[in-house]
Amino acid sequence: MSKHIFINKLLLLLVICICTGCTSHGSNIDNTAADTEISAPEVVKRDIPCKYDIFDFCSVSDNNFIAADKDTIHIINSTWDEILQIKNNLSLCSLVCYGNGSIYAYDKDDYQIKRFDTEGNLLSIYNVYDIKNIKKFIYTKDKLIFYKPFDSHLIIYSITDNTVYKADIGHVSGISSYKGSKILIYMTDSSNSDKYFCVYDLIKSEITEKFGIDKNVNDFVYSAKDDCIYFFSGGYAYKYEINGASEPIFKSNNNNILFIAVSDNSCYLVDHINKTAYEIDKHGISFDFEGAEKADRISDIRTKLNIISSYRSMEIQPETLKIMEVFSQKYPYVDVRFEYIDPSPKGYPDGEYDTMIRTRLMSSDNGIDIILFNSDAQEETILNADYFIGLENYPSIIKEFENIFPGVRNLCTYRDRLIGVPYSIYHEAWAVDLELLAQIDLECPGSGWTWDDFYEFAKKARLDSDGDGLIDILAFAFRNSVIDPLGASKYCHALYMDTHNRTATYECAGYISFLNILKKIMDENLLAADEKLLSSKKVKTVFTLHRPDVFDGDLHLIAPPSIKGDFKTPVKINMFCINKSSANIDIAVEYLALFLSAKVRLHPDLYPPSYFKNPDYYKGINFKPMRGRELSSDENFILFEHMINNSCIQLRNKDFTSYYGKILDSFSAGEINAEEAARLINNKAKMVLGE
């Protein structure tokens, strides 16, 4: 072997090794060798020459298309030029299909099927029994097959002998032509949880094959050339190999897509509002996100990212759709799935969501990637069991937290580990009626006021303003004066139950004084109004509970009273956490980093999250969901910042909450004094904390 031949072979071997290394991939997104650059084919938009609307659209032979447009059928060729209009005998053509050289039109005005040749000549009119309100129809082997929404029957009409047969199938949600005398049916169960593509044999009159599909299918079509089904779900289009996997070929946020069609090399999605069709390459993946930041590289990682929550339809929430615009361009083959679990009790003592999540985490279920943790609905035992990864080790997450109030990060931190990112945050401020204050000649409380101050204020604010003997002005109004109508105890839990250090300090002078003040407020009936006035809404109150955010404008807000000058805001928080047993930890981290990011969340179409610490982040953006609400004044922004940065997570503990309520009832009834109540509550808290 000559020297130069040996060198050439060595170089060739080296190239093969390099290429092999570049195309390997795993779930670690920080590994640059894990991603393969994939070109995203260009999306071509085609105008459809309809005057009114696109009522239906399908492909015909030779890559031509037909579109139903009220009183007109448009025939369009492969270069998207209109070659013919059919208007003969049409009043309201809402559906069309093609078969055996003929065009079939459903006229909704007279419920007739009208058959035309491709020159526009009317050939036949068929009166088919019971086809009112049909959703779609297709042609197969001299038969027309119709289906209605929410009907368990297919209507099968034989053109040759003019007979109608009803096939009892089940919950049919879509139909398409298939092979020979077989058709494809998309079926769902009554709850829409199980979904299938089924092969129905018209000769045998039975379903012969059934294939599971894990997505909602809006419309679909079979391509004989590829032996594949093409369907769209929301704004996404997929290629589905029969009894195989579905692979995305197009992603957008367009909710106006109604129809899908195919030709030899392309797939078409029809936007009926804008009267356009997206022409998509069948063999690539394309995007159409208006204004979205295009990803430089597209990963070929293929996996399922499962997000579990107690919120219905999280996948269609505006913030989710906006995140997916960016995320799906970098990870187009990562199938992000949202699983809903009902949070309400169904035979479970702690509620179905809490119980099922705990059970699955205990079993190290690696099919759970991201979990929505609800602090007011889930037990602290989930946090104590150390099921979630520490996000403090991921630079992309830490970088996004730099722009956020420090208090928010503290809320997402448990035992010195950053376990989540905020989905929603809930705490309370008090809104002040300044006009009413002026009317009753009282000054607005200042910052740092205490519950003792509130007691004195409530005494002065309790008034009969018109002298009719009925109290019609109060600090707060409630039907019954109970021991803690304002839920003030949650501020005590924030101060005296330290879940991080596992300590309880209720047995102190500050808490005992607080209990005595609560009882005085109750005994003196300071917050109770006359029932009739309260029912007729004639009672005026100085304060109302208010959920603050950074769009409170000039609304006059104050923080609730403190206990002897010590203030801490109890906060309910929903946060995304990553399962330690997840098989996709690094991809899940990237999703959460995007969820936190200003570039994604501060978008005009979204409700802006109230966690960015610089008000300049929000300026210059017209947030449509805010409906003209103004950015908080400097005073309100400072108040919000103060409350968030002096806050702690309000964790659920059903056992302690139940016991606390019983002790408070005994105290309010005079059965025990404040000191005894504080001692009992403190002992129970220590037991719960394991101190």
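These numbers come from the heavy atoms of this one structure, side chains and all, not from hydrogens, waters or symmetry mates.
- Taking both residues in full, the closest heavy atoms of Y618 and L631 are given as CB-CD1, 3.8 Å, listed atom of the first, atom of the second, then distance.
- With sequence neighbours left out, the side chain to side chain contact (heavy atoms under 4.5 Å, CB included) criterion links S647 to L411, T569, V571.
- Partners of Y340 according to the side chain to side chain contact (heavy atoms under 4.5 Å, CB included) rule, which considers only residues two or more places apart in sequence or in another chain, are R312, D342, P343.
- Using a cut-off of 4.0 Å between Lys/Arg side-chain N and Asp/Glu carboxylate O, E456 and K459 are scored as salt-bridged.
- Every residue two or more places apart in sequence or in another chain was checked for a ring pair (Phe, Tyr, Trp, His ring centres under 6.0 Å) with F388, and none qualifies.
- With sequence neighbours excluded, no residue forms a side chain to side chain donor-acceptor pair (under 3.5 Å) with K538.
- In this structure, a donor-acceptor pair under 3.5 Å is present between the side chains of H493 and Y506.
- Among residues at least two apart or in separate chains, there is no salt bridge (Lys or Arg N to Asp or Glu O under 4.0 Å) pair with a member in residues 387-409.
- Listed by chain and number, the residues in a side chain to side chain contact (heavy atoms under 4.5 Å, CB included) with N673 are E675, E676 (sequence neighbours excluded).
- For Y387, there are no ring pair (Phe, Tyr, Trp, His ring centres under 6.0 Å) partners, not counting sequence neighbours.
- Residues D484 and S489 have side chains that bring a donor and an acceptor to within less than 3.5 angstrom of each other.
- By the side chain to side chain contact (heavy atoms under 4.5 Å, CB included) test, E428 is found to be paired with Y426, K490, Y491, L545, residues two or more places apart in sequence or in another chain being considered.
- For Y591, the ring pair (Phe, Tyr, Trp, His ring centres under 6.0 Å) criterion is met by F327, not counting sequence neighbours.
- The shortest side-chain heavy-atom distance between N636 and V550 does not fall under the 4.5 Å cut-off.
- The stretch residues 622-651 participates, sequence neighbours left out, in these salt bridge (Lys or Arg N to Asp or Glu O under 4.0 Å) pairs: D549-R629, D552-R629, D605-K624.
- Using modelled atom types, one finds no donor on one side chain facing an acceptor on the other under 3.5 Å when comparing T381 with N384.
- A ring pair (Phe, Tyr, Trp, His ring centres under 6.0 Å) check over residues 520-539, counting only residues at least two apart or in different chains, returns nothing.
- The local environment of NZ in K662 is sparse, with at most 12 non-hydrogen atoms from other residues, nucleotides or ligands closer than 6.0 Å.
- Y311 places none of its side-chain heavy atoms less than 4.5 Å from the side chain of F338.
- Residue pairs meeting the salt bridge (Lys or Arg N to Asp or Glu O under 4.0 Å) criterion with at least one member in residues 517-526, sequence neighbours excluded, are K519-D523.
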